[in-house]
Structures are given as C-alpha cells and as structure tokens.
Amino acid sequence: MQLADDRAPECSQDGMHRIIIPTQARIGRTLPPVAGLLPEFGPAASVVRATMLNLLVLLRFEPADPAGCAPEHAIEAYAARVREAGGSLVDRESDQLLVCLADMRWGLQSLRNLLSQARRESFVVRAAIVQAVLARCDSPDGSLAFTARTLETLLRLAAHVDRQQVGITPKLLSLIELAAPEYADLFVRLADPIGALPGEASAQPVLVMAG
C-alpha cells in the first residue's frame with residue numbers, strides 16, 4: 001500500500017535535495033545538500049534501500065524559559081540514542097535535529113520517552129514525523145534523497161505542532177496501525193488542519209501525541 005507521494009523531487013546539480021529547517025520564527029534557512037543518509041548509517045542503510053519504510057523526524061528543542069538556553073544535554077543524548085538504535089543523524093542545526101529512524105516501534109517509544117523527559121527536566125520539544133520516502137536522482141554516484149513531498153510535509157507539520165507535541169498525518173497513522181498498533185491510540189486529531197498543498201483538494205489533518 002502506497003502511503004506517501006513518490007513523485008520525483010527537484011534535485012540540485014549534485015543530485016541531492018536541499019533541506020530547509022524552520023527556525024522558531026518559522027523562517028527557513030537552506031542547509032548544505034544532504035543525500036538523506038550519511039555514511040555512518042551503516043548496516044541500516046540496506047533496510048532503507050530495501051523497504052523505504054523508515055521514519056524521518058524533525059525535532060526542535062527549546063528552553064522552558066524563553067530567556068534560557070537550549071537543552072544541549074537532551075539534544076546530544078537523543079542523537080546518541082538514535083545512532084545506537086541503528087538510525088541516522090541526517091543534520092543538526094543549533095537546537096534542531098533531523099534524524100532517520102529504521103525501527104518504527106523504537107522511534108515512537110523514544111519520542112514518547114523524550115516527551116516525558118521534557119516534562120521532568122523542564123524543557124520543550126516539538127517534533128514531526130513522516131514516512132522517509134526516498135527517491136533516486138540522476139546523480140553520478142546514485143545518491144539517495146528524500147522526495148520533495150516528504151520534505152514539504154515534514155516542514156509543514158513541524159511548523160504546526162505546539163509545545164510537547166509530536167505531529168503526524170493520517171497516512172502515517174495508517175502505517176502505524178499496521179506496523180505498531182499499540183501506539184496508534186496515542187495520537188489524537190487536532191481541530192486545526194494545515195492548508196492543502198498544491199495539487200491537493202483539501203486541507204491536511206494533523207494528529208499529535210502530546211506529552
């Protein structure tokens with residue numbers, strides 16, 4: 001069952017899609033091109049190539065006090081756990097992480113634990129998850145890149161979620177119901193959807209797991 005738009009992404013000259021991560025003011029900044037997976041991804045890369053059923057997660061960490069500093073210890077600790085679980089740190093930009101997770105159950109539980117940690121240690125986390133749909137661009141080295149629709153959906157979700165929330169779309173919820181049904185009931189639909197993307201007929205509902 002196809003759960004994500006697999007249209008070919010727009011590629012840069014080096015065959016890789018540029019990622020724009022929203023800041024707290026929701027102003028994007030273009031980062032260097034990435035192929036979606038780093039060499040350190042290791043054995044899990046074969047899973048990505050074979051199934052394309054991985055999760056792409058954008059996390060934003062904030063201090064509970066606006067005048068405070070980002071919770072660096074929590075950022076570093078989560079990045080380390082991702083690597084230990086076979087995932088990949090795709091990019092780190094100040095108080096934000098972009099990670100690719102190869103295990104859905106581990107990923108959902110790790111985010112649930114992170115929300116609990118944020119409550120205990122008085123910091124804020126916002127996150128968005130999409131299916132990490134990969135597309136091969138016409139590059140000399142055959143680099144892997146995420147589809148344009150994957151990145152667009154992720155960024156729009158990340159800009160929509162509130163403090164201590166993890167946002168997903170109904171399409172991803174359908175996949176969770178099949179692969180990790182024990183986590184499906186943790187997500188509730190928000191009353192306020194995000195606007196329709198070009199080519200879509202209606203607004204996109206958003207579901208969140210709240211901490």
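Treat the numbers as computed from the prediction; the structure is a model and nothing was measured. Residue indices begin at 1 and follow the sequence shown.
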* Closest non-hydrogen atom pair, Pro63 against Pro71 -> N-CD, 4.1 Å

* Between Trp106 and Arg81, is a side chain to side chain contact (heavy atoms under 4.5 Å, CB included) present by the stated rule, with each step listed? -> CA-CA 10 Å; Trp106 184 91; Arg81 290 196 297 272; 4.0 Å; yes

* Nearest heavy atoms of Ala128 and Ala158, plus distance in Å -> CB-N, 3.6 Å

* **Nearest-0.5 Å distance that lies between atom CG in Leu108 and atom CD1 in Ile176** => 5.0 Å

* Asked: Is the backbone of Ala179 close enough, under 3.5 Å, to the side chain of Arg105 for a donor and an acceptor to pair up by distance?
  -> yes

* Asked: Are Arg92 and Glu72 ion-paired here, with the side-chain N under 4.0 Å from a carboxylate O?
  -> yes

* Asked: Does the pair Arg126/Asp162 count as a salt bridge with the N-to-O cut at 4.0 Å?
  -> yes

* Does CG in Asp185 sit with more than 12 non-hydrogen atoms of other residues, nucleotides or ligands closer than 6.0 Å? -> no

* Flag if over 12 foreign heavy atoms under 6.0 Å of CZ, Arg112 -> no

* Asked: Just how far is it from atom CD1 of Ile75 to atom OG of Ser94, taken to the nearest 0.5 Å?
  -> 7.0 Å

* Asked: Looking only at atom types and distance, does a side-chain atom of His160 sit under 3.5 Å from a main-chain N or O of Asp192, one as donor and one as acceptor?
  -> yes

* Asked: Going from OG on Ser110 to CD on Glu84, what distance comes out if it is rounded to the nearest 0.5 angstrom?
  -> 12.0 Å

* For residues 201-211, pull every pair meeting salt bridge (charged side-chain N to carboxylate O under 4.0 Å, His left out), keeping only residues two or more places apart or in separate chains. => none

* Test side chain to side chain contact (heavy atoms under 4.5 Å, CB included) applied to Leu172 and Leu55, step by step -> CA-CA 9 Å; Leu172 184 56; Leu55 300 179; 3.9 Å; yes

* To do: Taking the side chain as every heavy atom from C-beta outward, state whether Leu154 and Leu98 have any atom pair closer than 4.5 Å.
  => yes

* Assign the ring pair His73 / Phe123 to parallel, tilted or perpendicular, where the plane angle (0 to 90°) is split at 30° and 60°. => perpendicular

* Asked: If every non-hydrogen atom of Ser122 is compared with every non-hydrogen atom of Ala64, which pair is closest and at what distance?
  -> O-CB, 3.2 Å

* Structure fact -> Taking every heavy atom of Leu157 against every heavy atom of Ile129, the minimum-distance pair comes out as CD1-O, 3.7 Å

* In terms of hydrophobic clusters joined by side-chain contacts under 4.5 Å, are Val161 and Leu56 together? -> yes

* For residues Met104 and Leu175, determine if any side-chain heavy atom of one lies less than 4.5 Å from a side-chain heavy atom of the other. => yes

* Identify the heavy atoms of Leu89 and Ala79 that sit nearest to each other, and give their distance. => CD2-CB, 4.5 Å

* **side chain to side chain donor-acceptor pair (under 3.5 Å) evaluation trace for Gln117 with Asn113** => CA-CA 6 Å; Gln117 179 187 357; Asn113 293 345; over 6 Å; no

* To do: Establish whether Leu115 and Val124 are linked, either directly or via other cluster members, by ILVMFWY side-chain heavy-atom contacts under 4.5 Å.
  => no

* Asked: What distance do Gln164 atom CD and Glu62 atom CD have between them, rounded to the nearest 0.5 Å?
  -> 9.0 Å

* Looking only at non-hydrogen atoms, find the nearest pair between Cys100 and Val82 and report the distance. => O-CG1, 4.4 Å

* Structure fact -> To the nearest 0.5 Å, atom CG of Leu207 lies from atom CG of Leu173 at 5.5 Å

* With rounding to the nearest 0.5 Å, note down the distance linking CD in Gln165 to CG in Leu111. => 13.0 Å

